[in-house]
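Here the structure is laid out as structure tokens; the discussion comes afterwards.
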Amino acid sequence: MKKIAVITDIHGNSPALMTVLQDITSKSVDHIYCLGDVVGIGPDSNEVLELLLSRTDVSFVVGNHDVAVLAAFYGDDAPKGHQNERHHHQWLADRINPEYIEAMSKWPKQLIVNHFNKVLLFTHYHLNQEGWFLSIEKNPSTENLDQLYKETKYKMVCFGHHHMIHHFVSSKRTYFNPGALGCHDKPRARYGIVSLTEKAISEELIEVPYDNKEFLQSYIQLQVPEREFILKIFHGGQLTY
């Protein structure tokens, strides 16, 4: 058996990530696939990157917020759809360790791996013909996803970006998004475990509780740009002033 963990959309939330990594360690996982948006939204860019890059068992793909922070760091134009968020991404880029920028710059948009002759795709989100992320499908379905990947041989597509959980299984393949690890309306961090054998693939959705009070308060203490909007939309208004 091969057991892999799928984490995505950490969004600069170090206490959530620490909790998940501790839980993963307890489950004898062989490898971790991190599906992008490691940074952006939350303020703990250096902390989450240190936690991940200090490990030897993590493979990465880049997310749209990661690309936006990289663009801000290098002074490039904001990527499509992120022009209005440039002030926020610049604030993060100004505080990030340049060594981590170099590492992030090498992350691909997709990873394709083979386990037990089963081809798996890991991506932040589905890509268009130009190699950029498609707009979020608000009401995804097995039929739509099968149409999108009809020309591929993937037995499983793991992705993130859309912060809600997706778990669709068709006769052709499995589609798996365990939900955002670092953005939730509850003090719970989400991730997934995929178990593979020669005969089957199985998926498990996991939520682990953690104390997010100091993390949410840090948005105010650090004066994170767009903090009121972020706390309401991405953290469900949990912080009471």
Side-chain angles (χ1 to χ4, degrees), residues 1-39 41-61 63 66 100 103-104 107 111 113-116 118 120-124 155-169 174-216 218 234-236 238:
M1 177 185 287
K2 184 83 171 180
K3 186 184 285 188
I4 59 177
V6 179
I7 61 176
T8 186
D9 296 274
I10 299 162
H11 284 297
N13 185 339
S14 61
L17 177 61
M18 283 190 285
T19 300
V20 163
L21 291 176
Q22 290 169 358
D23 199 64
I24 287 172
T25 299
S26 73
K27 290 180 166 57
S28 301
V29 166
D30 297 300
H31 199 74
I32 301 169
Y33 288 91
C34 180
L35 305 189
D37 279 4
V38 172
V39 299
I41 297 180
D44 299 349
S45 303
N46 290 317
E47 292 84 350
V48 299
L49 286 162
E50 181 180 5
L51 283 167
L52 293 169
L53 294 172
S54 64
R55 301 178 67 104
T56 59
D57 60 347
V58 184
S59 296
F60 299 88
V61 297
D66 305 323
Y100 298 150
M104 291 170 61
W107 296 347
L111 285 173
V113 301
N114 191 315
H115 294 299
F116 300 110
K118 299 174 179 66
L120 284 68
L121 172 68
F122 297 93
T123 184
H124 182 60
K155 293 303 293 181
M156 185 175 204
V157 177
C158 294
F159 62 98
H161 188 45
H162 198 179
H163 291 179
M164 62 185 291
I165 293 168
H166 302 75
H167 192 190
F168 300 100
V169 181
T174 298
Y175 305 94
F176 188 51
N177 171 3
L181 186 156
C183 293
H184 200 345
D185 59 2
K186 302 178 182 65
R188 302 181 72 83
R190 297 173 288 189
Y191 76 101
I193 287 182
V194 177
S195 299
L196 302 105
T197 67
E198 291 186 1
K199 295 182 178 180
I201 302 175
S202 62
E203 310 80 43
E204 181 183 2
L205 292 159
I206 300 171
E207 286 195 0
V208 287
Y210 73 105
D211 187 347
N212 67 353
K213 294 183 181 64
E214 288 188 8
F215 172 72
L216 295 179
S218 74
F234 293 106
H235 296 290
Q238 297 173 74

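All residue numbers refer to positions in the sequence shown, counting from 1. If you're wondering where the values come from, they're calculated on a predicted model, not measured in any experiment.
- Tyr100 pairs by the side-chain hydrogen bond (donor to acceptor under 3.5 Å, both in side chains) definition with nothing, not counting sequence neighbours.
- Judged purely by atom type and a 3.5 angstrom limit, Arg190 has no side-chain atom pairing as donor or acceptor with the backbone of Thr8.
- Applying the ring pair (Phe, Tyr, Trp, His ring centres under 6.0 Å) test to Tyr191 and every residue at least two apart in sequence or in another chain returns nothing.
- Applying the side chain to side chain contact (heavy atoms under 4.5 Å, CB included) test to Asn114 and every residue at least two apart in sequence or in another chain returns Asn117, Val119.
- Of the possible polar contacts, none joining the Lys2 side chain to the Val194 backbone as a donor-acceptor pair under 3.5 Å is found.
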(request) Begin with the C-alpha distance, continue with both residues' side-chain angles, and end with the deciding distance and a verdict on side-chain contact (heavy atoms from CB on, under 4.5 Å) for Ile7 and Leu17. (result) CA-CA 9 Å; Ile7 61 176; Leu17 177 61; 4.3 Å; yes
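- Between Gly192 and Pro178, the shortest heavy-atom distance links the atoms N-CB, 3.5 Å.
- The minimum heavy-atom distance linking Pro209 with Arg188 is given by the pair CB-NH1, 3.9 Å.
- With sequence neighbours left out, Gln22 forms a side-chain hydrogen bond (donor to acceptor under 3.5 Å, both in side chains) with no residue at all.
- Nearest heavy-atom pair across Gly160 and Leu35 is N-CD1, 4.5 Å.
- Listed by first and then second residue, the ring-ring contact (aromatic ring centres under 6.0 Å, His included) pairs that reach into residues 4-23 are His11-His65, His11-His163, sequence neighbours excluded.
- The distance from atom CG of Asn13 to atom OH of Tyr210, rounded to the nearest 0.5 Å, is 4.0 Å.
- Phe215 pairs by the ring pair (Phe, Tyr, Trp, His ring centres under 6.0 Å) definition with Tyr219, His235, not counting sequence neighbours.
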(request) List the steps, then state whether side-chain contact (heavy atoms from CB on, under 4.5 Å) holds for Val29 with Ile193. (result) CA-CA 8 Å; Val29 166; Ile193 287 182; 4.0 Å; yes
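- Looking at residues two or more places apart in sequence or on another chain, you find a side-chain hydrogen bond (donor to acceptor under 3.5 Å, both in side chains) between Ser59 and His31.
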(request) Please assess Val20 against Ile10 for the test side-chain contact (heavy atoms from CB on, under 4.5 Å), listing each intermediate value before the final yes or no. (result) CA-CA 10 Å; Val20 163; Ile10 299 162; over 6 Å; no
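- The backbone N or O of Phe176 sits nowhere less than 3.5 Å from a side-chain atom of His167 that would complete a donor-acceptor pair.
- In this view, Asp30 satisfies the salt bridge (Lys or Arg N to Asp or Glu O under 4.0 Å) rule with no residue, not counting sequence neighbours.
- By the salt bridge (Lys or Arg N to Asp or Glu O under 4.0 Å) test, Lys3 pairs with no residue at all, sequence neighbours left out.
- The 12-atom threshold is not exceeded at NZ of Lys213, counting heavy atoms of other residues, nucleotides or ligands nearer than 6.0 Å.
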Could you give the side-chain donor-acceptor pairs of residues 45-53 under 3.5 Å, partners two or more places apart or in another chain?
residue	atom	partner	partner atom	Å
Asn46	OD1	Asn97	N	2.7
Asn46	ND2	Arg95	O	2.8

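- Qualifying side-chain hydrogen bond (donor to acceptor under 3.5 Å, both in side chains) partners for Asn212, counting only residues two or more places apart in sequence or in other chains: Gln238.
- A distance of 12.0 Å separates CG in Leu181 from CG in Asp37, rounded to the nearest 0.5 Å.
- Between the CD1 atom in Ile32 and the CD1 atom in Ile24 there is a gap of 4.0 Å [rounded to 0.5 Å].
- To the nearest 0.5 Å, atom OG1 of residue Thr25 and atom CG of residue Asp57 are 7.5 Å apart.
- Using a 4.5 Å heavy-atom cutoff, the side chains of Met156 and Glu203 are in contact.
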(request) Determine, step by step, whether Cys183 and Asp9 satisfy the side-chain contact (heavy atoms from CB on, under 4.5 Å) criterion, reporting the C-alpha distance in whole Å, the side-chain angles of both residues, the deciding distance to 0.1 Å, and the verdict. (result) CA-CA 7 Å; Cys183 293; Asp9 296 274; over 6 Å; no
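- In this structure, Asp66 contributes its side chain and Val39 its backbone to a donor-acceptor pair below 3.5 Å.
- For residues 174-184, the pairs satisfying side-chain hydrogen bond (donor to acceptor under 3.5 Å, both in side chains) are Asp146-Tyr175, His166-Asn177, Arg173-Tyr175, with sequence neighbours left out.
- The minimum heavy-atom distance between Asp44 and Ser14, with the atom names listed, is OD2-OG, 2.7 Å.
- Considering CE of Met1 and OG of Ser202, their distance stands at 6.0 Å, rounded to 0.5 Å.
- For the atom pair CD1 of Ile201 and CD1 of Ile4, the computed distance is 8.5 Å after rounding to the nearest 0.5 Å.
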